[in-house]
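First up is the structure itself, then whatever we jot down about it.
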Amino acid sequence: MKKGDIVEFYSRLAEENPHPETELESVNDYTLLVAVVLSAQATDAGVNRATRALFATVDTPEKMVALGEDGLKQHIKTIGLFNSKAKNVIALSQALIAEHGSQVPADRDALEKLPGVGRKTANVVMNVAFQQETFAVDTHIFRICNRTGLAPGKTPLAVEKKLDKATPQPFRLHAHHWLILHGRYVCKARKPECWRCIVADLCRYKPKTAEPAAKASGKKQNA
DNA sequence: ATCCCGAGGG
DNA sequence: CCCTCTGGAT
């Protein structure tokens with residue numbers, strides 16, 4: 001996408017979401033990290049439903065270790081991949097206690113060494129907790145960058161590097177959330193709602209979906 | 001490339 | 001039923 005179009009692209013996303021922020025709920029850096037780990041291949045709403053009760057009493061690595069893997073599983077049973085996530089969160093909490101003074105490190109290499117934390121999760125934590133200009137490429141951002149032509153790439157890392165180069169100020173800090181929110185609610189995986197998309201004229205995606213036919217009488221049509 | 005694996009939507 | 005949801009480890 002051309003430079004001028006990119007500025008216009010972000011400007012409109014910024015108008016669409018004046019106050020971009022995570023929809024994941026947390027009470028401190030530690031619970032944010034846990035929430036992001038739990039959010040892999042899961043919806044934010046589903047993670048929040050499980051963590052609301054959990055974080056009310058368990059908000060430090062020490063309390064999480066005390067809760068234990070089985071205790072944690074009871075809280076997150078409704079989230080996909082809960083067995084491996086429970087194991088990782090306990091191990092991650094032990095690592096924070098042993099190696100980081102029970103604090104969440106603001107360093108990407110240190111974050112990525114934690115069990116269950118990869119590049120994408122580390123990028124989210126650095127952006128949300130430490131206000132770093134990182135570009136976490138999740139399923140939404142990977143899809144939008146390729147579909148629109150904003151920053152096409154074959155792998156998430158390739159897209160991340162292109163995004164980093166292509167995204168100018170003052171959009172760098174919040175680019176991640178603007179793209180996520182647009183992808184979640186408008187540029188959806190299955191049925192992108194191009195008829196109400198504010199950047200449709202800047203987008204290269206061809207098979208635009210049509211606006212659903214208006215229901216004349218409020219009842220379904222019959223055969 | 002494959003496995004982990006639940007809820008919600010279509 | 002199938003697909004998707006802020007992936008990571010092997």
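Sequence lines set the chain letters: A, B, ... in the order given, protein chains first and strands last, and positions in each chain run from 1. Below, all heavy atoms of this structure are taken into account, side chains as well, without hydrogens, waters or symmetry copies.
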Selection residues 18-57 of chain A - residue pairs positive for ring-ring contact (aromatic ring centres under 6.0 Å, His included), sequence neighbours left out: none
Pairwise ring-ring contact (aromatic ring centres under 6.0 Å, His included) hits with a residue in residues 57-93 of chain A, at least two apart: none
Terminal contacting nucleotides, 5' and 3', DNA chain C versus chain A (heavy atom, 4.0 Å): dC2(C) to dA9(C)
Distance, [atom1] atom - from [M] to [N], rounded to whole angstrom:
N: dC3(C); M: dT2(B); atom1: P; result: 16 Å
N: dA7(B); M: dG8(C); atom1: P; result: 22 Å
N: dC2(C); M: dC5(B); atom1: C1'; result: 15 Å
N: dC4(B); M: dC5(C); atom1: C1'; result: 15 Å

Near-strand residues of residues 31-55 of chain A, defined as heavy-atom separation under 4.0 angstrom from DNA chain C: Ser39(A), Ala40(A), Gln41(A), Ala42(A), Thr43(A), Asp44(A)
Contact residues, residues 138-157 of chain A to DNA chain C [heavy atom, < 4.0 Å]: Asp138(A), Thr139(A), His140(A), Arg143(A)
5′-ward residue of the pair Gly116(A)/Glu21(A) relative to DNA chain C: Glu21(A)
Closest-nucleotide ordering on DNA chain C, the 5'-leading residue of Asn88(A) and Val128(A): Val128(A)
Are [X] and [Y] packed together at the side-chain level, in the sense that at least one heavy-atom pair is separated by less than 4.5 angstrom?
X: Lys162(A); Y: Cys145(A); result: no
X: Leu179(A); Y: Phe9(A); result: yes
X: Arg204(A); Y: Pro152(A); result: yes
X: Val34(A); Y: Val58(A); result: no
X: Leu114(A); Y: Leu33(A); result: yes

Residues His176(A), Val124(A); criterion side chain to side chain contact (heavy atoms under 4.5 Å, CB included); working and verdict: CA-CA 8 Å; His176(A) 166 244; Val124(A) 173; 4.0 Å; yes
NZ/Lys73(A): more than 12 non-hydrogen atoms of other groups inside 6.0 Å: yes
Could you give the side-chain donor-acceptor pairs of residues 61-72 of chain A under 3.5 Å, partners two or more places apart or in another chain?
residue: Glu62(A); atom: OE2; partner: Ser102(A); partner atom: OG; Å: 2.5
residue: Lys63(A); atom: NZ; partner: Asp59(A); partner atom: OD1; Å: 3.1

ILVMFWY clustering at 4.5 Å (side-chain atoms), partners of Leu157(A): none
Sugar-phosphate, base or nothing in reach of Leu114(A), heavy atoms under 4.0 Å: sugar-phosphate
Sugar-phosphate only, base, or nothing, as touched by Thr121(A) at under 4.0 Å among non-hydrogen atoms: sugar-phosphate
Chi angles and distances behind the side chain to side chain contact (heavy atoms under 4.5 Å, CB included) call for Val37(A), Val117(A): CA-CA 7 Å; Val37(A) 169; Val117(A) 179; 4.0 Å; yes
Contact list for DNA chain B against residues 79-86 of chain A - heavy-atom distance below 4.0 Å: Ile79(A), Gly80(A), Leu81(A), Phe82(A), Asn83(A)
For Phe171(A), ring pair (Phe, Tyr, Trp, His ring centres under 6.0 Å) partners two or more places apart: Tyr10(A)
Non-neighbouring partners of His174(A) that pass ring pair (Phe, Tyr, Trp, His ring centres under 6.0 Å), sequence neighbours left out: Trp178(A)
Residues forming a side chain to side chain contact (heavy atoms under 4.5 Å, CB included) with Gln169(A), sequence neighbours excluded: Glu133(A), Arg172(A)
Under-4.0 Å salt bridge between Glu99(A) and Lys113(A): no
Nucleotide range of DNA chain B lying under 4.0 Å from chain A heavy atoms: dC4(B) to dG10(B)
